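As the structure is a prediction and not an experimental result, all values here were calculated from the model.
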Amino acid sequence: MQEVLTALAQVGILAFVVAGMAAMGLALTVPGILAALRDTRLVVGVLLANFVVVPLAAVAAARLLPMDDASAAAVILVGCCAGAPFLPTLAALAKGNQETAVGVMVLLMVLTVGFAPIALPLVLEGATVAPGDIASSLVVYMLVPLSLGLMVRARYSGLAARVSGGFKAASTTGLIIAIVAGLLVTWRDVLGSIGSWLFAGTALVLVSGFAAGWLVGLGRGTSERTVLGLATAQRNVSAALVVAASLGPDAMVRTLVAALFIPLALIVVAGEVGRRSDSSATSDQPAEGTTA
């Protein structure tokens with residue numbers, strides 16, 4: 001049964017990533033995605049937050065908190081791997097800027113391929129990082145469907161509008177399947193991590209990431225600052241799990257637990273931000289029978 005649930009989780013993640021990337025491409029444009037990346041201050045801030053601040057926070061948590069080796073490895077792995085395909089979904093929940101989310105996501109995913117093989121062996125003994133493994137999953141499952149969606153959007157905008165909803169639905173369904181199946185496989189470990197040092201270390205990575213991203217957006221609107229906070233807090237689960245496989249089953253399970261906790265927590269945060277955004281927009285509208 002566990003093998004079936006594990007396979008379901010893998011299929012769900014694959015559907016979520018591929019369909020989600022295609023849906024983003026069908027809804028956005030290349031100039032819009034690249035617009036945020038023309039801001040040098042923003043790009044430098046995002047890179048420092050994701051590849052300096054959060055990895056240092058993760059290493060500090062692993063070294064200072066009295067956690068076991070597998071838990072310490074999991075915290076370091078999620079802290080050092082940035083850029084997650086889940087970011088556009090979180091941005092949508094938070095009513096944030098989708099083009100900024102996708103631009104930052106692609107930038108972080110690409111740079112993680114170069115950063116992880118250099119950084120992880122320095123801070124994590126026994127870690128074997130194959131850039132090709134990370135890069136292949138990035139290209140095949142993320143960049144290719146995103147690029148195809150952008151091409152269809154550029155040439156056949158009407159078709160893109162008609163089919164994008166189906167891809168979004170497929171992505172959402174895949175996410176639900178992946179989370180439910182993943183929780184059924186690891187529920188004992190998830191429950192055991194609550195209140196543990198693994199939980200504390202992962203929470204530290206999450207909080208430091210959101211705070212660092214939020215600070216990068218100083219001077220910008222709340223919507224964009226929220227996207228930057230979510231972009232830094234949400235780590236690259238796929239890349240972390242690829243490396244965890246070289247460290248043994250205990251590290252793999254701990255990494256999976258951390259990988260489940262972070263998006264679940266951020267779904268709550270993003271949903272609350274989006275709800276407050278809707279409430280604020282409603283309160284700003286003039287009452288019926290009055291003039292603005």
Any non-hydrogen side-chain atom of Val46 less than 4.5 Å from a side-chain atom of Leu228? yes
Please say yes or no: joined through hydrophobic side-chain contacts below 4.5 Å, possibly via intermediate residues, are Leu48 and Val43 part of one cluster? no
Exam field: side chain Ser171 to backbone Phe167, donor-acceptor pair closer than 3.5 Å: no
In terms of hydrophobic clustering (I, L, V, M, F, W, Y; side-chain heavy atoms under 4.5 Å; direct or indirect links), are Leu34 and Leu150 co-clustered? yes
Can Asp39 and Arg220 be counted as an ion pair, charged N to O under 4.0 angstrom? yes
Could you give me the CA-CA distance, side-chain angles and deciding distance for Leu26 and Val152, then say whether side-chain contact (heavy atoms from CB on, under 4.5 Å) is met? CA-CA 7 Å; Leu26 291 167; Val152 173; 3.7 Å; yes
Check whether any side-chain heavy atom of Leu206 sits under 4.5 Å from a side-chain heavy atom of Phe261, and report yes or no. yes
Donor-acceptor pair, distance only, cut-off 3.5 Å: does the side chain of Gln98 make one with the backbone of Pro88? yes
Drop me the distance from Asn50's CG to Thr232's OG1, to the nearest 0.5 angstrom. 4.0 Å
I'd like to check Glu99 versus Thr29 (side-chain heavy atoms, cut-off strictly below 4.5 Å). Are they in contact? yes
Should Met67 and Leu198 count as side-chain neighbours, where that means a heavy-atom distance under 4.5 Å? no
Return the minimal non-hydrogen interatomic distance between Ala70 and Ala251, and the atom names on each side. CB-N, 3.8 Å
Find out if a path of hydrophobic residues (ILVMFWY) with successive side-chain heavy-atom gaps under 4.5 Å connects Leu204 to Ile262. no
Measure the spacing between CG of Leu230 and CZ of Phe210 and express it to the nearest 0.5 Å. 5.0 Å
Report the C-alpha separation of Val30 and Arg153 in whole Å, then their side-chain angles, then the decisive distance to 0.1 Å, and conclude whether the side-chain contact (heavy atoms from CB on, under 4.5 Å) test is met. CA-CA 10 Å; Val30 173; Arg153 171 71 169 78; over 6 Å; no
Any chain of hydrophobic side-chain contacts (each under 4.5 Å) joining Val53 to Met105? no
Does Thr100 use its side chain to pair, donor to acceptor, with the backbone of Asn97 at less than 3.5 Å? no
If you define the side chain from C-beta out and look only at heavy atoms, does anything of Gln234 sit under 4.5 Å from Leu108? no
Of all heavy-atom pairs between Val205 and Ala58, which one has the smallest distance, and what is that distance? CG2-CB, 3.8 Å
Membership question, hydrophobic clusters at under 4.5 Å side-chain separation (ILVMFWY): are Val268 and Val207 in the same one? no
Given Leu42, which partner from the list Val216, Leu37, Leu47 fulfils the side chain to side chain contact (heavy atoms under 4.5 Å, CB included) test? Val216
Arg38 CZ: over 12 foreign heavy atoms closer than 6.0 Å: yes
Is the closest side-chain heavy-atom distance between Cys80 and Ile76 below 4.5 Å? yes
Check whether any side-chain N or O of Thr112 sits under 3.5 Å from a backbone N or O of Ala82 as a donor-acceptor pair, and report yes or no. yes
So, does Arg235 use its side chain to make a donor-acceptor pair with the main chain of Gly79 at under 3.5 Å? yes
Distance (rounded to the nearest 0.5 Å) between Arg63 CZ and Leu65 CG: 12.0 Å
For Thr202 against Ala258, the heavy-atom pair lying closest together: OG1-CB, 3.6 Å
How many angstroms lie between CG in Asn236 and CZ in Phe115, if you round to the nearest 0.5 Å? 12.5 Å
Heavy-atom closest pair (Ile118 atom, Pro121 atom, distance to 0.1 Å) is O-CD, 3.8 Å
For residues Thr173 and Phe16, determine if any side-chain heavy atom of one lies less than 4.5 Å from a side-chain heavy atom of the other. no
State the CE-SG distance between Met109 and Cys81, to the nearest 0.5 angstrom. 13.0 Å
Side-chain contact test, heavy atoms from C-beta onward, threshold under 4.5 Å: evaluate it for Met21 versus Val144 and give yes or no. no
